[in-house]
Each structure stands twice: as C-alpha cells, then as structure tokens.
Amino acid sequence: DAEITQSPRHKITETGRQVTLACHQTWNHNNMFWYRQDLGHGLRLIHYSYGVQDTNKGEVSDGYSVSRSNTEDLPLTLESAASSQTSVYFCASSEGQEYNEQFFGPGTRLTVL
Amino acid sequence: SQKIEQNSEALNIQEGKTATLTCNYTNYSPAYLQWYRQDPGRGPVFLLLIRENEKEKRKERLKVTFDTTLKQSLFHITASQPADSATYLCALDQAGTALIFGKGTTLSVSS
C-alpha cells in the first residue's frame with residue numbers, strides 16, 4: 001500500500017546544529033508540504049513543492065530549507081537549530097490540483113536544547 | 001491574508017447527540033474548504049471537501065455546510081460516539097495556493 005513516512009520520529013538536538021528531517025511518499029504525488037504544529041498555533045506551513053525542482057516558502061519558512069530532487073522525497077533542513085524550532089513536524093502530500101486532500105505522515109517530534 | 005477561526009477550542013457532548021463545530025474565515029471566500037480529523041500523536045486525516053458552489057455535503061454520519069455569505073462552515077457529527085473524540089481541523093485555500101489550517105476544535109464524546 002502507498003504511504004508517507006517520516007524519519008526520525010523523535011529527535012533531540014542542540015542549538016546551532018544542522019538537522020534534516022526526512023519525508024518519503026510512495027503515492028507518486030506531485031505536491032508535498034511541510035508543517036509545524038505547536039500548541040496555540042495549530043498547523044503552520046513551512047515550505048511546499050508542486051513538483052521536482054519546485055519549492056515555495058510558506059508562512060513560517062525562516063530558518064528552514066527544502067529541496068526536491070525526485071518525486072518521492074522532500075527533506076526539511078534546519079540550518080542552525082534554535083529552541084524556537086522545538087515542535088512537531090508533519091509532512092504531507094497530495095496529487096493534482098493544490099486543493100486536493102492531503103495525506104499526512106506520522107510526524108517528527110523535534111526538541112532543540 | 002486569509003484568517004481562519006475555529007470558534008471552540010474544546011467541545012464536550014454526550015454520546016448520541018449531534019456535535020456541531022464551526023469554522024469562520026475572513027477576507028475572500030475560498031474556492032473549497034476541507035475538514036480533517038487528528039488523533040493524539042498522529043497526523044491529520046482527511047474527512048470531507050466542500051466547494052464554494054456546494055451548500056452541503058454528507059458522508060455517513062458527517063455533514064458539512066458552506067455559507068459564503070456568512071463566511072462560515074459548519075461540521076456536524078450525528079449520533080456521536082466516544083470513538084469520534086478527536087481534534088477536528090478545517091482548512092481552506094489561499095487563492096489557489098497551499099492550504100491554511102485552523103487551530104482545531106477538540107471534541108470529547110462521553111458515554
């Protein structure tokens with residue numbers, strides 16, 4: 001069955017370190033998204049991609065980057081982790097038009113000490 | 001920019017009753033609106049999509065309405081069950097770009 005996976009599921013890192021969160025989907029979806037979810041803020045869009053080599057900034061993109069070299073993967077990199085980036089991160093994918101339903105991964109809980 | 005408000009952070013109801021959750025938005029009317037369910041420790045799961053030209057949509061015990069005049073969507077769960085306890089998120093488009101999500105309403109159904 002097609003799925004979307006995230007790794008690691010839990011990560012503890014230190015301030016200033018570079019961290020990469022992986023997202024892999026086997027739906028063959030063109031669209032992929034990264035969100036963070038914090039108490040009081042809900043889901044906020046970080047970056048998204050509508051296809052290979054396409055990336056776009058979302059609402060809270062500062063301090064994050066993504067690259068899309070193939071259809072299946074959209075890794076999220078925190079260039080220099082900050083305590084404010086402690087959060088739960090969700091990856092999602094969808095096919096076709098941007099308004100189609102999104103399929104979410106299980107999430108990565110990141111703690112920056 | 002578009003803003004979404006889900007009026008209640010928490011809603012508590014008894015089993016068998018109808019739960020009604022509200023999603024209000026500001027500014028322009030979206031072309032479509034979606035509802036998701038999220039259980040603790042898991043990613044959101046899509047439930048329903050309704051387009052601006054659709055007043056109502058149903059799926060089993062779920063019903064969604066979309067009132068572009070009031071800038072509001074209502075999400076109903078009829079004959080609610082304890083298994084319906086979860087956080088429900090509404091999401092809408094931003095003029096054809098990626099979705100934005102509300103903060104969610106946590107529904108608790110007691111038996």
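If you're wondering where the values come from, they're calculated on a predicted model, not measured in any experiment. What's counted below: heavy atoms across the whole structure, side chains too, no hydrogens, waters or symmetry copies. Each chain gets a letter, A, B and so on, in the order the sequences are listed, and its residues count up from 1.
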Is it the case that one hydrophobic cluster holds both [X] and [Y], taking links as side-chain heavy atoms less than 4.5 Å apart, direct or via other members?
X	Y	result
A:Tyr48	A:Trp27	no
A:Leu21	A:Ile4	no
A:Leu78	A:Val60	yes
B:Tyr88	B:Leu11	yes
A:Met32	A:Trp34	yes

field: Residue B:Arg42 excluded, over 12 heavy atoms near CZ under 6.0 Å
entry: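 It does not: B:Arg42 CZ has 12 such atoms or fewer within range.
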query: Is chain A contacted by the side chain of B:Leu48, its backbone, both, or neither, given a heavy-atom distance below 4.5 Å?
result: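 Contact with chain A involves no heavy atom of B:Leu48 at all.
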message: When you measure from the side chain of B:Lys103 to the backbone of A:Gly40, do you find a donor-acceptor pair of N or O atoms at a distance under 3.5 Å?
response: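 Side chain of B:Lys103 to backbone of A:Gly40, a donor-acceptor pair under 3.5 Å: yes, one is there.
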query: Are the aromatic ring centres of A:Phe104 and B:Phe46 under 6.0 angstrom apart?
result: no
query: Considering only heavy atoms, which portion of A:Tyr35 lies under 4.5 Å from any heavy atom of chain B: side chain, backbone, both, or neither?
result: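 When you check distances to chain B, only side chain atoms of A:Tyr35 fall under 4.5 Å.
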query: Side chains of A:Gln37 and B:Gln38: is there a donor and an acceptor less than 3.5 Å apart?
result: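 There is such a pair between these side chains.
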B:Ile100 vs A:Leu45 side-chain heavy atoms within contact, under 4.5 Å: no
- request: State, with a plain yes or no, whether a side-chain heavy atom of A:Gln102 is found less than 4.5 Å away from one of B:Leu99.
  value: yes
